[in-house]
Asks: 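Just passing along the structure, written as structure tokens.
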Amino acid sequence: LLLIAYIAMGWFFRMVFIARKEKKNTSATISFLLKHLRYPLIAAVAGYFLGMIFWPYGLTNPFTHPFIALSEFSNYDKFDSYNLFEGRWIHRWEIPWNYIPEWIWITTPLFINLIFIFIPLSFFKKLTGTISICRGYLALVCFVAAFPVFYIIYRHSNVYDGWRHAFFVYPSFAAACAVTWTTVIQIVKPKFYRYAIVAILAGTMIQPAAWMIRNHPFESFYFSPVIGGTKGAFKKFEIDYYGTSYRQAVEWIASHADTTGKGPARVRCYYGETESSKHFVDKYKNLRYVFANENSLDWDYSIVLPCQAKLDSMLLVNWPPQGTVWQAYADSTPIVAVVKNFRTKDMLPDPRTSVYSSTDVNYLLNMSLSFYNAGDYFSCIAACERALQFDPGNMIAYNNKCTALNRLLLYPDALEAGAAGLAVDSSYALLKGNVKEAQQGMNAKPDPGILAANYLNLSVVYYNLGLYRKTIELCKKALRYDPQSAIAYNNICSSYNALGEYRSADSACSKGLSIDPKNALLQNNLGEAKKHEGK
């Protein structure tokens, strides 16, 4: 759609310019424009429909769905992202206006950066003199390069993982810069200065070329000298968010894994799409890809990227990870680590231990993440609450609990959990992002039935944790959305019985039985309350 707009704009201004230059009258100008309309029109129509041949959504309604897609992706908010930017992890709600411009600046070679400020020179005839430049085409190229970036800033679009969403503007940047270098070289008349400019251009082109040769196959991890190269970007910006280095890590494991009498070495990789690493693992008979919890004995080697710190904020602080046996580097900067499992049976919690009885905080945190990834947000919250009982200041537990409550659409409770965590560490970026999401969610109006069910299921979690006051509080919230919930009254009754407050238990059970007189759970709990009520 952008290309069609560019074609239309370029054609229109070019044709008007020619018509004015040839001094045509109004009718002649219109006739001239229509005569030359067929080629851009054919290109636009053909491009529009050919672009949908392999796009089922577009084909189902080719006249509206492409525009719906453009609207969605202009501000895509369905992907919850965290980005390392200027040394801190920021949530998608916190993306600053300079996110894309700064990424372009720090990852673009100097021969592009240096000439940016000179691009306007090419438009001044007094400076360029007799130099032949089609300023209309140059203006179009500059517009094509700059407009999407300004549009992203204007729409505050959800961009993440560097400037990959705007890579398509780079060829236009390069073309505009090439014209400008040529212009500058031709403007300067003294040979000495002209040769000096050519030498600067050559030097700034040799620098990234030499870097890529020296750091093959990690060419894509280039950062400009303006930030100190890849070394200057480490711990400040994400470097290998694609998992490009997985191949090298797998190859090292295949060459060094001790599999004597043990069968294939088991390789795990948590970050990114499974296929990214499994594709390479499957190439080696002495390796086997496994889905395994980090805190287990079910794996031998783990591949860890620094960008996984978005899930564990302490990873970069304590880099390299414990158990690291090999790292790949780009200009002395670690790109990926291979970790060997150092755990023994004595170091692991009893597998028969549930999250409701475990006292191992690391185990509980790992389980909370596993539950979250599996979509079991209630068990995730249970593991987090259990971890907080033994480590009240654990920010990972607060963060995981907050984001799980967001997924359950329980935004007020997510805000409460987030506020409690930020009271411990107000600078914790991941939690700040989830709190912002909860604040945004406060304007939403989820289905009352879903909210009632979620509060009711969550009350069971807190009952199993022995937090009976919290159970009662959650059941009362469920009753706001479903006043006829006999189960909510039953859970309140059970909690009051557990607290020894039998009159309150009697009252709750009586209300529940007025809704569902045959409910056996309510009858049993009422009997329990009456048995102790008079004592």
Side-chain angles (χ1 to χ4, degrees), residues 85-87 98-124 126-135 137-139 141-142 144-146 149 162-164 166-242 244-245 248 328-335:
F85 186 72
E86 296 181 343
N98 63 317
Y99 182 82
I100 292 294
E102 185 165 339
W103 265 104
I104 294 175
W105 179 254
I106 65 176
T107 57
T108 301
L110 287 174
F111 65 87
I112 297 291
N113 289 343
L114 288 176
I115 207 66
F116 270 158
I117 57 176
F118 294 104
I119 290 178
L121 294 178
S122 299
F123 293 97
F124 290 96
K126 289 184 179 180
L127 287 174
T128 57
T130 58
I131 299 172
S132 177
I133 300 174
C134 183
R135 293 175 181 81
Y137 286 148
L138 180 59
V141 168
C142 291
V144 168
V149 176
W163 61 293
R164 62 191 182 97
F167 278 167
F168 65 92
V169 305
Y170 186 72
S172 302
F173 272 123
C177 288
V179 171
T180 306
W181 272 112
T182 303
T183 304
V184 170
I185 291 170
Q186 292 181 349
I187 287 174
V188 177
K189 299 303 180 183
K191 286 187 177 181
F192 174 80
Y193 294 112
R194 183 176 291 187
Y195 290 152
I197 293 172
V198 172
I200 292 172
L201 173 59
T204 53
M205 293 179 74
I206 290 172
Q207 187 270 332
W211 192 95
M212 290 190 289
I213 293 170
R214 188 171 63 250
N215 291 284
H216 176 76
F218 297 143
E219 294 92 332
S220 61
F221 304 153
Y222 174 84
F223 280 83
S224 169
V226 298
I227 196 179
T230 309
K231 187 175 182 180
F234 186 57
K235 296 188 180 183
K236 295 179 182 178
F237 297 88
E238 292 181 76
I239 297 176
D240 186 16
Y241 41 78
Y242 280 122
T244 308
S245 57
Q248 284 67 37
Y329 295 89
D331 263 8
S332 74
T333 303
I335 300 298

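On a predicted model such as this, the values are computed, not experimentally measured, just so you know.
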Asks: Can you name the nearest heavy-atom pair linking Ala176 to Leu138, along with the distance?
Replies: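 So the minimum-distance heavy-atom pair works out to CA-CD1, 4.1 Å.
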Asks: Would you mind listing every salt bridge (charged side-chain N to carboxylate O under 4.0 Å, His left out) that reaches into residues 203-213, with sequence neighbours excluded?
Replies: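 The answer is none; no pair qualifies.
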Asks: My understanding is that only residues two or more places apart in sequence, or in another chain, count here; which of them pass ring pair (Phe, Tyr, Trp, His ring centres under 6.0 Å) with Phe173?
Replies: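 By the ring pair (Phe, Tyr, Trp, His ring centres under 6.0 Å) rule, Phe173 matches Phe116.
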Asks: Do Phe85 and Trp103 touch side chain to side chain, with heavy atoms closer than 4.5 Å?
Replies: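 Yes - at least one pair of side-chain heavy atoms lies under 4.5 Å apart.
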Asks: Just grab all the salt bridge (charged side-chain N to carboxylate O under 4.0 Å, His left out) pairs involving residues 104-114, residues at least two apart or on different chains.
Replies: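 The answer is none; no pair qualifies.
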Asks: Let me confirm one number: the CZ-CZ distance from Phe234 to Phe223, rounded to the nearest 0.5 Å.
Replies: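 With rounding to 0.5 Å, CZ (Phe234) is 11.5 Å from CZ (Phe223).
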Asks: Sequence neighbours excluded, which residues qualify as side chain to side chain contact (heavy atoms under 4.5 Å, CB included) partners of Pro171?
Replies: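 Pro171: no side chain to side chain contact (heavy atoms under 4.5 Å, CB included) contacts found.
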Asks: With heavy-atom distances below 4.5 Å as the criterion, would you say the side chains of Glu86 and Phe237 are in contact?
Replies: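 Yes; the side chains approach each other to less than 4.5 Å.
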Asks: So, do Ser224 and Leu110 sit near enough that their side-chain heavy atoms are less than 4.5 Å apart?
Replies: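 The answer is yes; the side chains approach within 4.5 Å.
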Asks: Could you grab the distance from atom CG of Leu114 to atom OG1 of Thr180, nearest 0.5 Å is fine?
Replies: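 Output value for this atom pair is 12.5 Å.
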Asks: Going by salt bridge (charged side-chain N to carboxylate O under 4.0 Å, His left out), name the pairs with one or both residues in residues 176-185, residues two or more places apart or in two chains.
Replies: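 Residue pairs passing salt bridge (charged side-chain N to carboxylate O under 4.0 Å, His left out), neighbours aside: none found.
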Asks: Looking at every non-hydrogen atom in both residues, tell me the closest pair between Ser172 and Val144 and how far apart they are.
Replies: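 Closest approach of Ser172 to Val144, heavy atoms only: OG-CG1, 3.3 Å.
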Asks: Tell me every residue that passes ring pair (Phe, Tyr, Trp, His ring centres under 6.0 Å) with Tyr242, counting only those two or more places apart in sequence or in another chain.
Replies: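 Here no residue qualifies.
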Asks: Can you list the steps and then say if Phe218 with Ile239 is a side-chain contact (heavy atoms from CB on, under 4.5 Å)?
Replies: CA-CA 10 Å; Phe218 297 143; Ile239 297 176; over 6 Å; no
Asks: Do any pairs count as a ring pair (Phe, Tyr, Trp, His ring centres under 6.0 Å) and have a residue in residues 178-217, sequence neighbours left out, and if so which ones?
Replies: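 Residue pairs passing ring pair (Phe, Tyr, Trp, His ring centres under 6.0 Å), neighbours aside: Trp211-Tyr222.
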Asks: Thr333 side chain to Lys231 main-chain N or O, any donor-acceptor pair under 3.5 Å?
Replies: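 Side chain of Thr333 to backbone of Lys231: a pair is present.
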Asks: Counting only heavy atoms not in Phe168, do more than 12 sit closer than 6.0 Å to its CZ atom?
Replies: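 Yes, the 6.0 Å shell around CZ holds more than 12 heavy atoms from other groups.
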Asks: Which residues satisfy the side-chain hydrogen bond (donor to acceptor under 3.5 Å, both in side chains) test with Ser245, sequence neighbours excluded?
Replies: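 Listed in chain order: Asp240.
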Asks: Excluding sequence neighbours, so at least two apart, what forms side-chain hydrogen bond (donor to acceptor under 3.5 Å, both in side chains) with Gln248?
Replies: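 Applying side-chain hydrogen bond (donor to acceptor under 3.5 Å, both in side chains) to Gln248 gives none.
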Asks: With sequence neighbours left out, which residue pairs that include part of residues 214-225 fulfil the salt bridge (charged side-chain N to carboxylate O under 4.0 Å, His left out) condition?
Replies: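 As it turns out, the salt bridge (charged side-chain N to carboxylate O under 4.0 Å, His left out) pairs with a partner in residues 214-225, which skip direct neighbours, are Arg214-Asp331.
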Asks: What residues, two or more places apart in sequence or in another chain, satisfy side chain to side chain contact (heavy atoms under 4.5 Å, CB included) together with Lys235?
Replies: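 Listed in chain order: Leu316.
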Asks: side-chain contact (heavy atoms from CB on, under 4.5 Å) with Ile115: which of Ile200, Val179, Val184?
Replies: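 Testing Ile115 for a side-chain contact (heavy atoms from CB on, under 4.5 Å) against Ile200, Val179, Val184 leaves exactly one candidate, Val184.
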Asks: Considering non-hydrogen atoms only, spot the tightest contact between Ile100 and Ala166 and give its length.
Replies: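 Closest heavy-atom pair between Ile100 and Ala166: CG2-CB, 4.4 Å.
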Asks: Between Val141 and Ala175, what is the shortest heavy-atom contact and its length?
Replies: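 That closest heavy-atom pairing would be CG1-CB, 4.1 Å.
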Asks: Is there side-chain contact between Cys177 and Phe111, with at least one heavy-atom pair below 4.5 Å?
Replies: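 No, too far: nothing below the 4.5 Å cut-off.
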Asks: Which residues satisfy the side chain to side chain contact (heavy atoms under 4.5 Å, CB included) test with Thr108, sequence neighbours excluded?
Replies: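 Per chain and number, Thr108 pairs via side chain to side chain contact (heavy atoms under 4.5 Å, CB included) with Ile104, Ile112, Asn113, Trp163, Tyr170.
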